[in-house]
Amino acid sequence: ISPPASGSWPCDAKDFGHGSLVCTCSATYCDTLDPVVLPALGTYVKYASSKAGKRLERSEGSFQHNAKTPGTHCSWMLACTPGNRVHPYTAVVMMFVPADFHLTLDMAQRYQKVKGFGGSVTDSAAINIQSLSKDAQNHLLRSYFSEEGIEYNLVRVPMASTDFSVRLYTYADTEGDFELKHFNLTEEDMQMKV
């Protein structure tokens, strides 16, 4: 089944009895998102998820330019002036969870560029993905990397084993082999990472 050309498919929620819901994805169905569109200048789009079952619920808002908020402190220490006061010439996003939370953005201050967003593919993640049918694998990967999903564009792949591996392994187990003559990839690399 292909997702609709426009519009999203809702979460097929399942309760595993631990106080939160998860969206299930199978060979025949996987929830999708509306296509992501950049908001207009001066506005923002917020996606929220919760234990109660919200899954990337979309909402929109506007920045309040040159807002003066006397006595307000920066909860996240972003674009704060000395003394921890909100600078009156920054854009302020007022969110109502909690009521006293203010996010201050100083558009003149640049720190870094965002290259993208993604997740990690550990051995255990790869084992779980490989245990799915081919159709379920396709739905799952599309939910992460496609325009109908959350559009990941980066993946972190750990080198050698981690605490999410079924066994300990490295790439150079021979003591004193500083020239790495015995360096080799493992079965996990060839089947799950490369």
Side-chain angles (χ1 to χ4, degrees), residues 1-63 76 78 91 93 95-97 101 103 105 107 110-166 185 187-194:
I1 298 176
S2 297
S6 64
S8 62
W9 285 6
C11 170
D12 181 15
K14 184 171 183 178
D15 185 353
F16 285 96
H18 299 287
S20 64
L21 300 173
V22 297
C23 298
T24 59
C25 184
S26 69
T28 58
Y29 184 89
C30 201
D31 57 315
T32 61
L33 299 174
D34 286 323
V36 177
V37 178
L38 289 177
L41 189 62
T43 66
Y44 65 89
V45 173
K46 177 179 79 172
Y47 290 88
S49 296
S50 72
K51 287 177 114 180
K54 261 192 212 177
R55 186 203 177 264
L56 297 171
E57 187 176 288
R58 185 177 200 256
S59 62
E60 300 176 10
S62 297
F63 291 102
W76 290 68
L78 296 175
V93 181
M95 298 180 194
F96 298 102
V97 184
F101 176 79
L103 173 64
L105 305 175
M107 301 304 286
R110 304 287 174 143
Y111 294 101
Q112 61 193 20
K113 288 185 175 183
V114 175
K115 291 187 180 249
F117 295 91
S120 178
V121 178
T122 60
D123 291 5
S124 62
I127 289 167
N128 284 314
I129 293 169
Q130 288 178 341
S131 73
L132 301 172
S133 70
K134 291 295 180 193
D135 286 339
Q137 286 179 26
N138 184 44
H139 277 295
L140 179 65
L141 294 175
R142 289 184 61 76
S143 74
Y144 282 110
F145 298 101
S146 76
E147 290 181 2
E148 295 89 33
I150 56 177
E151 297 188 63
Y152 276 0
N153 63 340
L154 297 173
V155 174
R156 180 181 64 84
V157 179
M159 295 175 61
S161 66
T162 70
D163 51 342
F164 294 107
S165 299
V166 295
L185 297 177
E187 178 181 336
E188 286 84 354
D189 295 298
M190 303 314 286
Q191 293 181 357
M192 298 185 288
K193 296 178 185 176
V194 179

Can you name the residues that form a side-chain hydrogen bond (donor to acceptor under 3.5 Å, both in side chains) with E60, not counting sequence neighbours? R58
So which pairs with a foot in residues 150-165 pass side chain to side chain donor-acceptor pair (under 3.5 Å), sequence neighbours left out? S120-R156, D123-S165
If a pair satisfies disulfide bond (SG atoms under 2.5 Å apart) and one of its residues is in residues 25-58, list it, with sequence neighbours excluded. C25-C30
Quick one: side chain to side chain contact (heavy atoms under 4.5 Å, CB included) partners of Q191, sequence neighbours excluded? E187
To the nearest 0.5 Å, what is the distance between CE on M192 and CD on Q130? 6.5 Å
D135: which residues meet the side chain to side chain contact (heavy atoms under 4.5 Å, CB included) condition with it, sequence neighbours left out? A27, S133
Partners passing side chain to side chain contact (heavy atoms under 4.5 Å, CB included) against F16 (at least two apart in sequence or in another chain): K14, H18, V22
Contact list for residues 15-31, test salt bridge (Lys or Arg N to Asp or Glu O under 4.0 Å), sequence neighbours left out: D31-R55
Sorted by chain and number, sequence neighbours left out, side-chain hydrogen bond (donor to acceptor under 3.5 Å, both in side chains) with T43 holds for none
Please assess I150 against Y144 for the test side-chain contact (heavy atoms from CB on, under 4.5 Å), listing each intermediate value before the final yes or no. CA-CA 5 Å; I150 56 177; Y144 282 110; 3.8 Å; yes
Partners passing side-chain hydrogen bond (donor to acceptor under 3.5 Å, both in side chains) against T24 (at least two apart in sequence or in another chain): D12
Please list, chain by chain and in numerical order, all residues satisfying side-chain hydrogen bond (donor to acceptor under 3.5 Å, both in side chains) with S124, sequence neighbours excluded. T122
Working to the nearest 0.5 angstrom, can you tell me the gap between Y47 OH and S59 OG? 9.5 Å
Not counting sequence neighbours, list each pair that qualifies as a salt bridge (Lys or Arg N to Asp or Glu O under 4.0 Å) and has a residue in residues 112-122. none
Under 3.5 Å: donor-acceptor pair, side chain of Q137, backbone of I129: yes
